[in-house]
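None of these values were measured; they are calculated from a predicted model. For the single chain, residues carry numbers from 1 onward in sequence order.
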Amino acid sequence: MTQTITKHVADLVAEAEREIETLPVDQAIALHGDPGIVFVDLRDIRELDRDGRVPGAFHCPRGMLEFWIDPASPYHKPIFAADAKFVFFCAAGARSALSTLTAKRMGLAPVAHVGGGFGAWRKAGGPIELKV
């Protein structure tokens, strides 16, 4: 049987971006170091090791996001109970847009994501740490 995909990932990302706050990378970089902001890196550990990390960002693999946010989950991470604004990012912004919408729907607030993701962050000269 041939599958007929009626909604594409680009459609899902576009829908998410209509419902969430997208921070331009320069605004996101300006927030770096603010104690009221938690940057959440959704990239795979291999991406972090290969491309570098945003200093101080909390690493949450995309596949664990819902479980780590939910205080009723045995996998809950206390950082998601912090009184903070959560700023999600991935490599280019698609996974973080979807994740931000999911977090918002779960009740986490306030939330936003970095437009263009880590790639835009790096290109704009945002601070990064490379694996040594």
Side-chain angles (χ1 to χ4, degrees):
M1 174 172 105
T2 302
Q3 298 293 325
T4 303
I5 302 301
T6 59
K7 189 169 281 201
H8 301 279
V9 71
D11 301 323
L12 294 171
V13 171
E15 289 172 8
E17 292 214 336
R18 287 192 291 273
E19 295 185 43
I20 61 171
E21 179 183 3
T22 300
L23 294 174
V25 70
D26 58 327
Q27 288 181 18
I29 291 170
L31 292 173
H32 186 258
D34 182 322
I37 303 293
V38 175
F39 282 92
V40 180
D41 191 335
L42 299 160
R43 296 174 300 147
D44 181 90
I45 190 67
R46 291 173 294 251
E47 293 174 281
L48 277 70
D49 290 346
R50 181 188 65 222
D51 301 327
R53 302 167 184 248
V54 171
F58 177 73
H59 178 234
C60 175
R62 174 62 189 96
M64 293 304 295
L65 180 69
E66 294 85 351
F67 301 96
W68 287 11
I69 288 174
D70 184 355
S73 165
Y75 303 104
H76 174 69
K77 297 292 183 185
I79 195 163
F80 287 111
D83 183 16
K85 179 173 187 168
F86 295 87
V87 177
F88 296 92
F89 67 94
C90 60
R95 287 175 287 178
S96 59
L98 297 172
S99 297
T100 302
L101 181 59
T102 295
K104 179 180 175 182
R105 287 181 175 168
M106 290 180 75
L108 191 68
V111 293
H113 91 115
V114 179
F118 185 79
W121 180 279
R122 174 179 247 167
K123 185 176 180 181
I128 60 169
E129 298 172 334
L130 297 173
K131 186 175 181 180
V132 251

According to a 4.5 Å side-chain heavy-atom criterion applied to Ile, Leu, Val, Met, Phe, Trp and Tyr, with indirect links allowed, do Ile79 and Tyr75 form part of one hydrophobic cluster?
yes
Under a 4.5 Å side-chain heavy-atom rule over Ile, Leu, Val, Met, Phe, Trp and Tyr, are Phe89 and Val9 clustered together?
no
Taking only residues two or more places apart in sequence or in another chain, which ones pass salt bridge (Lys or Arg N to Asp or Glu O under 4.0 Å) with Glu129?
none
If you round to the nearest 0.5 Å, how far is CG of Asp70 from CG of Leu65?
11.0 Å
Would you name the heavy atoms of Leu12 and Lys7 that are closest together and state the gap between them?
CD2-CD, 3.4 Å
Pairwise distance SG(Cys90) to CD(Glu47) - rounded to 0.5 angstrom:
8.0 Å
Name the atoms and distances for all side-chain donor-acceptor pairs under 3.5 Å in residues 108-120, with sequence neighbours left out.
residue, atom, partner, partner atom, Å
His113, ND1, Ser96, OG, 2.8
His113, NE2, Glu17, OE2, 3.0
His113, NE2, Thr22, OG1, 3.2

Rounding to 0.5 Å, atoms CD (Glu66) and OG1 (Thr102) come to a distance of 5.0 Å
Non-hydrogen atoms of Pro127 and Ile29 that approach each other most closely
CD-CG2, 4.5 Å
Could you measure the distance from the CD atom of Glu15 to the CG atom of Leu101? Nearest 0.5 Å is fine.
9.0 Å
Interatomic distance, Leu98 atom CG to Ile20 atom CD1 [nearest 0.5 angstrom]
8.0 Å
Between His59 and Trp68, the two heavy atoms sitting closest are O-CZ3, 3.4 Å
To the closest 0.5 Å, what do you measure between CG (Leu130) and CG (Leu48)?
11.0 Å
Look at the side chain of Asp49 and the backbone N and O of Arg46, then say whether any donor-acceptor pair between them is shorter than 3.5 Å.
no
Could you list the donor-acceptor pairs under 3.5 angstrom formed between side-chain atoms of residues 33-42 and any protein atom two or more places apart in sequence or on another chain?
residue, atom, partner, partner atom, Å
Asp34, OD1, Gly36, N, 2.7
Asp41, OD1, Arg43, N, 3.0
Asp41, OD1, Arg43, NE, 2.9
Asp41, OD2, Arg43, NE, 3.3
Asp41, OD2, Arg43, NH2, 2.7

Is it true that Val87 and Phe58 fall in one hydrophobic cluster, defined by side-chain heavy atoms closer than 4.5 Å?
no
Aromatic contact between Phe80 and Phe86, with the criterion being ring centroids under 6.0 Å apart: yes or no?
yes
Under 3.5 Å, side chain of Lys104 to main-chain N/O of Glu19, donor-acceptor pair present?
yes
